[in-house]
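Sequence positions, counted from 1, serve as the residue numbers for this chain. Note that these values count all heavy atoms, side chains included, but never hydrogens, waters or copies made by symmetry.
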Amino acid sequence: MGKKKVPSEDLIVPPQDQRICGTICVCQMTLVLSSVALVYLTVAIYMPSTRAFKSGIDETPVMCTTTRAVNKENCDWGSCGEWCLSKTSGACIQIYVNLRNNGTNLTFQNCTNSANKTCYGIDQDRADKARCINDECKNLTGTFNCTAGQCLNITDAFECVFKNTDSPVKCSGRRGKINCMDITGLYSCTRGTCRKIRTPYNCDRRCLDIPTRNKNVVILSGDKVYMSRCQNAINIDTGDEVWNETEDNVVMASCYYINNAADRVDAIDKMDAVDCINGSTLDKGMLTDLTNFTYLSHLHVSVATLIPEIAPPDIDLTISNESRLMINLEGCVNTLMDECKEFLKDFGRDGSDHNARARFPCFYAPQKKDVVVARFDLEVTYRQFLIASVIPSVLFVVSCLVLLLCQKTVYVGDDAKMRFKGCVDTDTILSKNALDQNQDDNGAGGGGDEVMAL
């Protein structure tokens, strides 16, 4: 006789307790994410914060002035990198600065007839450019600064005085286009015919009609000129009067920031100047009704008499003539929001385009003057370190403890359902007792049949 076929039954997995499954899944996910966060934050937060705590950098800012910005193809350091987890490689920009102590803070009192003027140079991002490779140089007229066939129009911003030029290069026509594809230097062009300007030459900003009539205070601040007629000047730090209009001259200084009387509503008779250097006086006969930016700069540097009591010379405040500038101690950021693009644009202005050099607060360690950073705040660093340490660590520990607790208290019953120990329901107990009783009866019946057969 053939074997009797036992009908198969589909295994039914009972629905699990969502509280148990959800708790285990959430804890496992939290454990993994907190572990990854701890590894990443070690490089992004913990190690940089530790270096900041041990750096010895003074939290009191000093002043930096950009002296040169170098674009190098291969370098071992850069002023700013967009991703700290990768080593600096390839092209980068290195910014060098002059490091000095802070200058004098001045307030000019009882000021009237105030005025200011901004002398714009060339904005590299917005200025008109012509690419000779695209046949855009065939009609050039004016003064152009060219680099590898791309010419920047500087006619409206600068007035260049020169004596000698090279032989003309014609940029129109097919042959002329080829000739102008690689031109580099300063060129004077007329309808596409360009002559390279030979040294020596002098290019000054076209910033005319600066009103200096009836002014006895002239403050230079980057590309801006602030003018007014004031009664006296007070050193804010000491409270001493350092200049008075009775001296019948013109006071000049170079300051980082001006809270101009013309821009203030609450105190229209005051002008506050922050971080002033190279204080000097000038005979009032040297100024006419109108002047230009170049002439004012010349007077301040070469003609005016230095008065250290007004504002000290920058040479007396110098800490280091050339230091490397980095955005922070790491020289990089992790936000991936093009921070370095803006940083290099603002802090990389070295005056090579005839604009004012970048001037800004910076930080340094007295024992290491060759490196300065633009961003340094120990309070913020400590707060970031605390948050980055506590939150992922607490999540990691709590998730581990919950998973260990689940391992000790959760078991899977005979019906493939997960339960907490000590929380078995009555129906399950009755079903288990009935199953055990049925197995006992079957075992006893089988034994009787064996006896009867014997």
Side-chain angles (χ1 to χ4, degrees), residues 66-75 78-79 90-96 118-210 222-223 292-298 301-302 341-342 344-358:
T66 300
T67 56
R68 60 190 179 101
V70 182
N71 193 347
K72 302 187 68 174
E73 290 298 328
N74 294 296
C75 55
S79 292
C92 66
I93 295 181
Q94 299 175 338
I95 299 176
Y96 294 87
T118 301
C119 299
Y120 294 103
I122 290 294
D123 188 337
Q124 299 284 347
D125 296 330
R126 299 181 181 180
D128 294 332
K129 300 181 180 70
R131 297 185 62 195
C132 298
I133 194 173
N134 291 339
D135 204 21
E136 297 174 0
C137 295
K138 61 182 180 180
N139 294 319
L140 294 184
T141 299
T143 306
F144 294 84
N145 189 9
C146 301
T147 304
Q150 178 169 285
C151 294
L152 182 70
N153 191 349
I154 65 172
T155 307
D156 295 334
F158 297 97
E159 181 179 4
C160 295
V161 178
F162 54 91
K163 294 182 178 180
N164 301 319
T165 60
D166 290 343
S167 57
V169 177
K170 189 175 182 180
C171 295
S172 59
R174 183 176 180 182
R175 182 61 186 172
K177 177 181 176 181
I178 296 176
N179 292 337
C180 294
M181 285 176 57
D182 297 323
I183 60 176
T184 298
L186 195 65
Y187 283 80
S188 177
C189 301
T190 303
R191 294 184 179 181
T193 300
C194 299
R195 296 174 178 268
K196 185 173 183 179
I197 300 174
R198 298 173 58 184
T199 55
Y201 61 83
N202 183 39
C203 292
D204 293 325
R205 272 184 281 187
R206 292 180 182 271
C207 190
L208 309 176
D209 300 333
I210 299 177
D223 293 323
N292 60 70
F293 186 83
T294 302
Y295 183 63
L296 276 180
S297 300
H298 168 70
V301 173
S302 304
K341 182 179 179 181
E342 294 299 322
L344 297 173
K345 179 181 177 181
D346 294 336
F347 293 81
R349 294 183 283 111
D350 59 357
S352 59
D353 57 355
H354 297 275
N355 289 322
R357 292 178 173 180

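- Between the side chain of N164 and the backbone N or O of R198, no donor-acceptor pair lies under 3.5 Å.
- Under the 3.5 Å distance criterion, the side-chain polar atoms of T155 are matched with a main-chain donor or acceptor of T143.
- The line from CD1 of I154 to CG of N145 is 5.5 Å long, rounded to the nearest 0.5 Å.
- Closest non-hydrogen pair, P168 versus R195, comes out as CD-NH1, 3.5 Å.
- The shortest distance between side-chain heavy atoms of L152 and K129 falls below 4.5 Å.
- Note: F144 CZ to L186 CG = 10.5 Å, rounded to the nearest 0.5 Å.
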Might you work through the disulfide (SG to SG under 2.5 Å) test for C189 and C194, ending with a clear yes or no?
CA-CA 4 Å; C189 301; C194 299; 2.1 Å; yes
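- For the atom pair OH (Y96) and OG (S79), the distance works out to 8.5 Å, reported to the nearest 0.5 Å.
- Of the possible polar contacts, none joining the Q94 side chain to the V70 backbone as a donor-acceptor pair under 3.5 Å is found.
- No side-chain donor-acceptor contact under 3.5 Å links T193 to the backbone of K170.
- Between G222 and F293 the shortest heavy-atom distance is O-CZ, 3.9 Å.
- Shown here for C119 and I210, the closest heavy-atom pair between the two residues is SG-CD1, 4.2 Å.
- Not one N or O on the side chain of T66 forms a donor-acceptor pair closer than 3.5 Å with the backbone of G348.
- Considering every non-hydrogen atom in both I183 and C151, the closest pair reads CD1-SG, 3.6 Å.
- Side-chain contact check for I197 versus S188: some heavy-atom pair is nearer than 4.5 Å.
- Atom CG of L140 is separated from atom SG of C171 by 6.0 Å, given to the nearest 0.5 angstrom.
- Atom CG of N292 is separated from atom NE2 of H298 by 11.0 Å, given to the nearest 0.5 angstrom.
- With rounding to the nearest 0.5 Å, the separation of CG in D166 from OH in Y187 is 7.0 Å.
- A donor-acceptor pair under 3.5 Å links the side-chain atoms of R357 to the main chain of D350, judged by distance alone.
- Judged purely by atom type and a 3.5 angstrom limit, R349 uses its side chain to pair as donor or acceptor with the backbone of A356.
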